[in-house]
Amino acid sequence: MSAEEHLEQALSEYNIRISQLENGENNDELIEAYINRGTVLMMMESYIAALSDFDEAIDLILEKERNNEPVDLGLFIRAYENRGQLYCNNDNEQMIADYSRIVGKLPLLKTSTRYFPLKEIVVMCISCAEDLLDENYPENAVPFLEKTFQMLNGKHDVWAENRFCEAAGMMGEVKNAIGLKNEADEYYTRAIMTASSLLNRNALEDKYGFVLSLVDRGDLRESRGDDSGMLSDYMKADEFLEELIMSGVSDDSELLVGICQSIASKLIDMGKITDSEKYLLKSMKYGIPEMDDAMDALGLKR
């Protein structure tokens, strides 16, 4: 059975389940069914129908709150998280409102709930923080990243360390965006150190993210007048990104060209003209795909 057929089957089952529950009492089972069907619809890219289901689930949650009836914490968060995702980039004010409702419940999340195990708490927090960063609301991302670090505290397995890399890199972005340069440097450094350790064990999931952390820290250090720190980070990013491109893991030659040009420019400013040539030639090579052939034709050393 194909993935599409699995989704169609799941949708049919949730349609039946909701029909069975709708005429009964407002309970967590009905809320869960709406959330699950909305999730399936979202995976099927039926976003308007998915939004309608999340609205139904949240209306039931609000009704239970008005009646002072308990709602499972995991269901509460799933409903607002999913609706917030759908509002992202379409209605950012509503996205922030939904994610703010989750923030109010974060202190209640300890290890896991019936519908929200620990790993999903971490994934949810990172996902919400990423949406908020992408839409330029860095301060709103802080509670989600702090919760991520809290949930990962003391955990040193490969999965946890990879999630830590993601969260630390994002917190670096947050601190940089709000002007806390020293704290931003610390978080970028923690992300880079953890990623380096994972890389040495061949366990780093997001290799491209490692490059971005190096570039971001390099930019930050340059803005503070630390040219040697900037060059060190950029040169590491250059070397590693070229490896990723040559091995087919990444195709972002545009970023590599930008990195090489920045290194060359900085070296020229420092009077190191000869050192800059290597990076100028590399930027030309990746900026102009035919450069290798041209260099051969001219008898130039690659």
Side-chain angles (χ1 to χ4, degrees), residues 130 133-134 136 138 162 164-177 179 181-200 202-296 298 300-302:
E130 188 172 24
L133 265 175
D134 286 347
N136 297 314
N162 274 286
F164 179 86
C165 283
E166 293 179 65
M170 283 192 280
M171 188 63 97
E173 289 184 57
V174 167
K175 297 296 184 180
N176 195 22
K181 305 295 185 182
N182 289 338
E183 292 183 31
D185 193 300
E186 290 174 9
Y187 277 105
Y188 284 137
T189 299
R190 293 170 70 184
I192 289 166
M193 290 178 65
T194 305
S196 298
S197 173
L198 287 164
L199 191 61
N200 289 336
N202 197 31
L204 179 62
E205 293 177 12
D206 187 6
K207 295 180 173 65
Y208 185 74
F210 178 48
V211 173
L212 294 181
S213 289
L214 285 167
V215 171
D216 287 341
R217 190 177 69 173
D219 289 342
L220 175 63
R221 291 185 169 181
E222 183 184 28
S223 72
R224 300 163 70 193
D226 181 4
D227 289 345
S228 62
M230 172 269 186
L231 281 173
S232 175
D233 282 345
Y234 263 58
M235 286 175 177
K236 290 175 185 174
D238 158 62
E239 182 180 355
F240 191 59
L241 179 55
E242 186 174 27
E243 288 180 14
L244 296 183
I245 291 172
M246 292 177 68
S247 62
V249 174
S250 173
D251 61 356
D252 197 348
S253 57
E254 183 178 351
L255 176 59
L256 182 60
V257 169
I259 291 171
C260 290
Q261 290 175 343
S262 295
I263 294 172
S265 177
K266 184 62 65 178
L267 289 171
I268 290 170
D269 289 344
M270 297 168 70
K272 299 180 179 181
I273 308 300
T274 303
D275 293 340
S276 73
E277 291 176 356
K278 165 187 172 183
Y279 296 98
L280 286 171
L281 287 172
K282 188 186 289 188
S283 72
M284 294 171 67
K285 171 183 175 180
Y286 284 95
I288 306 172
E290 299 81 11
M291 182 54 63
D292 274 346
D293 292 338
M295 291 176 72
D296 288 341
L298 293 170
L300 297 175
K301 184 178 180 181
R302 293 192 191 180

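By convention here, the first residue in the shown sequence is residue 1. All of these numbers come straight from a predicted model, not from anything done at the bench.
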**Report entry** Pairs flagged by side-chain hydrogen bond (donor to acceptor under 3.5 Å, both in side chains) wherever residues 257-274 is involved - sequence neighbours left out
**Finding:** Glu222-Lys266, Asp227-Lys266
Query raised in the report: Taking side chain as C-beta onward, heavy atoms only, is Asn182 less than 4.5 Å from Arg224?
Result: yes
Report task. For atom CE of Met270, decide whether the heavy atoms of other residues, nucleotides or ligands shown that lie under 6.0 angstrom number more than 12. Result -> yes
Which donor-acceptor pairs under 3.5 Å do the side chains of residues 244-251 make with protein atoms, sequence neighbours left out?
from, atom 1, to, atom 2, distance (Å)
Ser247, OG, Glu243, O, 2.9
Ser247, OG, Leu244, O, 3.2
Ser250, OG, Asp252, N, 3.1

Query raised in the report: When you measure from the side chain of Asp233 to the backbone N and O of Asp219, does any donor-acceptor pair fall under 3.5 Å?
Result: no
Query raised in the report: From Asp216 CG over to Tyr187 OH, what is the distance, rounded to the nearest 0.5 angstrom?
Result: 16.0 Å
Query raised in the report: Does the Thr194 side chain pair with the main chain of Arg190, one donor and one acceptor, at a distance under 3.5 Å?
Result: yes
Report summary line: For Ser283 and Val257 the tightest heavy-atom approach is O-CG2, 3.6 Å
**Report entry** Any donor-acceptor N or O pair under 3.5 Å, side chains Asn200, Ser196
**Finding:** no
Query raised in the report: With distance as the sole test, does Ser223 use its side chain to make a donor-acceptor pair with the main-chain N or O of Leu220 at under 3.5 Å?
Result: yes
Query raised in the report: If you round to the nearest 0.5 Å, how far is OH of Tyr234 from CG of Leu214?
Result: 10.5 Å
Report task. May I ask you to say whether Glu242 pairs ionically with Lys282, meaning some side-chain N is under 4.0 Å from a carboxylate O? Result -> yes
Query raised in the report: Is Ser232 reaching over with its side chain to a backbone N or O of Gly229, donor-acceptor style, under 3.5 angstrom?
Result: no
Query raised in the report: Which pair of heavy atoms, one from Asp238 and one from Leu256, lies closest together, and at what distance?
Result: OD1-CD1, 3.3 Å
Could you list the donor-acceptor pairs under 3.5 angstrom formed between side-chain atoms of residues 164-171 and any protein atom two or more places apart in sequence or on another chain?
from, atom 1, to, atom 2, distance (Å)
Glu166, OE2, Arg163, NE, 2.5
Glu166, OE2, Arg163, NH2, 2.8

